[in-house]
Peer 1: 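Once you've had a glance at the structure underneath, I'll fire off some questions.
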Amino acid sequence: MDNEKRFVTGLDVGTENVRAVIATVNKNGEVAIVGYNEGKSAGMRKGIPANLTGPAEAIDRMLGDAERMGGYDVRSAYVSINGSTVISTHTEGMIAVGAVEHEIDNEDLNRVEDVAVTGRIPANRDVLDVIPLEYALDGQGGIKDPLGMSGARLEMRACVVSALSPNCENLKRATMTADVKAERLIPSVVAGAKAVLTERQKENGVAVVDFGATTTSIAIYEEGDLQYVGVIPIGSNNITNDLAIVLAIEPELAEEIKTRFITGDFDTEKSPAIKVGKHGERAFDRKEVEEVVKARLEEIFNEVRKKLKLAKYDQRLPEGIVLIGGGAKMRDIEIFAKKVLESAVKIGIPKGLDGVAESIQKPEFATAVGLAMLSAEENQYSAPISKKSSKAKKPGKSSGGLLKKIFSKF
Ligand SMILES: Nc1ncnc2c1ncn2[C@@H]1O[C@H](COP(=O)(O)OP(=O)(O)OP(=O)(O)O)[C@@H](O)[C@H]1O
Ligand SMILES: [Mg+2]
């Protein structure tokens, strides 16, 4: 394949928004962003497809512009998966490898991984990733890479990431309906971590929190490896809904109040009234509004803290907590999060990117960027399609091609 033209795509299918990042990968493996876009999602509930046509149409619509920007035709992508059925499980496996002088090879590693996974993860779950945490040879632990070492008994400790199979299947079908093959499903927070964390942070201990619209996901890293993934089924939309209910206003206005007037430094003196409308004709009592927002934020970050405790990492993360996702755009949110989590908190911005990267250096683009980066790292390139065939496909793709495909099924 022509190295200059090979490209990767990250596709973040959220409940509120869908985002795509297209990047080329040069022969040194360096990634340059050539296309991106975001658009409203549909047919998703708490990170999971509730129907196929909603997300498929949203992906189709949004991808059209990202493709035109880069001149690439996306037929496959790394895709985000979310929802509270995404979990991690710590497992162990042990195999006999023969005589003491036997050198551990890849076949042994595959075999011990098989033992560590098979039967440990319920049959109704898809294994999304297996992260080897530690190996032991003849009882001697603390080995990161046993390849070429000798021993008679090989043990492995692993972190296995899984999600309910029907959710995985439906997500793959939804992207396929939009003509995009999901090469791999990666938890949205794990993909986001790839885009915002440094190796040093992962080595020392850090957590990424993806504060989305309807979910808040947590990924914990230590010794360079993913140690824990968990998803809480509450997100920033809950704040909007609370405001709409308590203030008896339409959700659009509640969203405007949340995004324009709320900041995470609740104790700072501000004007006592929040005024909206062209001439400030609608006014709301700031104290009342802030109380509603604070109560929900407190609940969300307390749930995050519970997960950190469950994973035994509460206040044990030297590099603190990194917030990503649209919810992290609330001004000064890190000030509030720090109080509840009693840990250092910062906002995660995708970095180290070439190309048209400026516009996606935002916390809500971390997942899509990370998905593209992971695809590049795992050498899952897409074959370039000639400009001619690419152009021929596009008009159909965004103007009825998908609908035709859907209706042809009935
Ligand atoms: N400036 C802002 N201040 C506060 N909240 C914001 C701001 N901008 C966006 N948000 C919120 O971010 C949320 C959308 O985030 P995001 O796009 O990450 O969600 P999603 O990926 O679609 O959802 P999920 O991950 O739960 O499936 C919405 O609730 C939106 O109100
Ligand atoms: Mg999301």
Side-chain angles (χ1 to χ4, degrees), residues 8 25-31 78 86-121 126-162 183-187 189-208 218-229 311-313 316-319 322 352 370-381:
V8 289
V25 189
N26 71 14
K27 52 184 179 299
N28 301 324
E30 287 154 356
V31 171
Y78 269 35
V86 175
I87 57 164
S88 61
T89 316
H90 279 222
T91 66
E92 285 171 12
M94 196 256 284
I95 57 165
V97 285
V100 180
E101 61 271 20
H102 172 84
E103 270 186 21
I104 304 297
D105 55 23
N106 277 318
E107 203 180 302
D108 297 322
L109 296 187
N110 289 341
R111 213 152 53 85
V112 75
E113 185 175 307
D114 248 13
V115 174
V117 175
T118 313
R120 317 277 158 113
I121 304 298
D126 277 15
V127 171
L128 302 173
D129 207 357
V130 180
I131 298 106
L133 298 177
E134 184 194 359
Y135 293 92
L137 269 168
D138 297 334
Q140 181 110 42
I143 301 171
K144 272 277 175 198
D145 183 7
L147 264 186
M149 290 184 169
S150 60
R153 183 166 50 105
L154 177 66
E155 289 165 83
M156 176 204 208
R157 218 162 49 74
C159 175
V160 182
V161 181
S162 68
E183 291 289 352
R184 256 192 83 178
L185 301 181
I186 313 253
V189 64
V190 173
K194 175 73 191 166
V196 302
L197 294 185
T198 61
E199 290 307 315
R200 198 197 65 182
Q201 284 174 311
K202 284 196 262 188
E203 194 60 42
N204 291 345
V206 68
V208 175
I218 299 135
I220 302 173
Y221 292 80
E222 193 182 40
E223 291 178 10
D225 292 316
L226 178 70
Q227 306 283 343
Y228 173 89
V229 185
K312 303 198 167 60
Y313 281 96
R316 267 200 48 216
L317 296 165
E319 301 281 351
V322 179
L371 287 165
M373 288 169 83
L374 284 166
S375 178
E377 193 175 276
E378 294 174 6
N379 299 319
Q380 289 285 347
Y381 308 117

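Bear in mind that the values here come from a model prediction, so they are computed numbers and not experimental data.
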Peer 1: Any side chain to side chain donor-acceptor pair (under 3.5 Å) involving residues 87-102? Give me the pairs, sequence neighbours left out, ordered by first then second residue.
Peer 2: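 Non-adjacent pairs meeting side chain to side chain donor-acceptor pair (under 3.5 Å): His102-Asp108.
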Peer 1: Looking at Asp105 and Glu107, would you say the former's side chain and the latter's main chain have a donor-acceptor pair under 3.5 Å?
Peer 2: yes
Peer 1: Who passes side-chain contact (heavy atoms from CB on, under 4.5 Å) against Ala372, sequence neighbours left out?
Peer 2: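 With neighbours one apart ignored, the set is Val8, Val21.
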Peer 1: For residues Ala376 and Val31, report the shortest heavy-atom separation together with the two atoms involved.
Peer 2: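 Heavy atoms only, the tightest pair is CB-CG2, 3.7 Å.
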Peer 1: Find out whether Leu137 and Ile104 are in side-chain contact, i.e. whether some heavy atom of one side chain is under 4.5 Å from a heavy atom of the other.
Peer 2: yes
Peer 1: Heavy atoms only: give me the nearest Ala219-Leu226 pair and the separation to one decimal.
Peer 2: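 Nearest heavy atoms, Ala219 then Leu226: CB-CD1, 3.9 Å.
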Peer 1: About how many Å separate CD1 of Ile121 and CD1 of Ile87, when rounded to the nearest 0.5 Å?
Peer 2: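 Ile87 atom CD1 to Ile121 atom CD1 measures 7.0 Å (nearest 0.5 Å).
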Peer 1: Could you tell me which residues satisfy side chain to side chain donor-acceptor pair (under 3.5 Å) with Arg184, sequence neighbours excluded, listed by chain and number?
Peer 2: Glu378
Peer 1: Testing the basics here: between Leu374 and Ala191, what is the closest heavy-atom pair and its distance to 0.1 Å?
Peer 2: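 For Leu374 and Ala191, the tightest heavy-atom pair comes out as CD1-CA, 4.1 Å.
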Peer 1: Can any side-chain N or O of Glu183 pair as donor or acceptor with the backbone N or O of Tyr78 at less than 3.5 Å?
Peer 2: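 Looks like no, no N/O pair under 3.5 Å.
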Peer 1: Over all heavy atoms of both residues, which pair between Asn28 and Asn26 is shortest? Give the atoms and the distance, please.
Peer 2: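 Closest approach of Asn28 to Asn26: N-OD1, 2.9 Å.
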Peer 1: Output the distance between atom CG (Leu147) and atom CG (Leu109), rounded to the nearest 0.5 Å.
Peer 2: 5.0 Å
Peer 1: Please determine whether a side-chain nitrogen of the Lys or Arg among Glu203 and Arg200 lies less than 4.0 Å from a carboxylate oxygen of the Asp or Glu.
Peer 2: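 Looking at Arg200 together with Glu203, the answer is no, because their closest N to O distance does not fall below 4.0 Å.
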Peer 1: Applying side-chain contact (heavy atoms from CB on, under 4.5 Å), run through Val190 and Val161 and close with a yes or a no.
Peer 2: CA-CA 10 Å; Val190 173; Val161 181; 5.7 Å; no
Peer 1: Rounded to the nearest 0.5 Å, what's the gap from CD on Glu113 to OH on Tyr135? Could you check?
Peer 2: 6.5 Å
Peer 1: Taking the side chain as C-beta and beyond, is there a heavy-atom pair between Asp225 and Cys159 under 4.5 Å?
Peer 2: no
Peer 1: Taking Arg153 first and then Glu155, would you say they form a salt bridge - that is, a charged N and a carboxylate O separated by under 4.0 Å?
Peer 2: yes
Peer 1: Mark yes or no for whether Lys194, through its side chain, and Val189, through its backbone, hold a donor-acceptor pair below 3.5 Å.
Peer 2: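 Checked: no pair found.
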Peer 1: Run the side-chain contact (heavy atoms from CB on, under 4.5 Å) test on Leu133 and Gln227 for me, step by step, so that the C-alpha distance in whole Å, both residues' side-chain angles and the decisive distance to 0.1 Å come before the verdict.
Peer 2: CA-CA 8 Å; Leu133 298 177; Gln227 306 283 343; 3.7 Å; yes
Peer 1: Short question: side chain of Gln201, backbone of Glu319 - any donor-acceptor pair under 3.5 Å?
Peer 2: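 The answer is no, because no donor-acceptor pair under 3.5 Å joins these two groups.
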Peer 1: First locate atom CG of Leu185, then atom CG of Leu128, and finally report the distance between them rounded to the nearest 0.5 Å.
Peer 2: 6.0 Å
Peer 1: Would you say the side chain of Met156 lies within less than 4.5 Å of the side chain of Val115, judging by non-hydrogen atoms?
Peer 2: no
Peer 1: Nearest heavy-atom pair of Val208 and Ala193: which atoms, and what distance?
Peer 2: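 Minimum heavy-atom contact is CG2-CB, 3.8 Å.
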Peer 1: Is there a side-chain contact between Lys312 and Ile220 (heavy atoms, below 4.5 Å)?
Peer 2: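 Lys312 does not reach Ile220 side chain to side chain.
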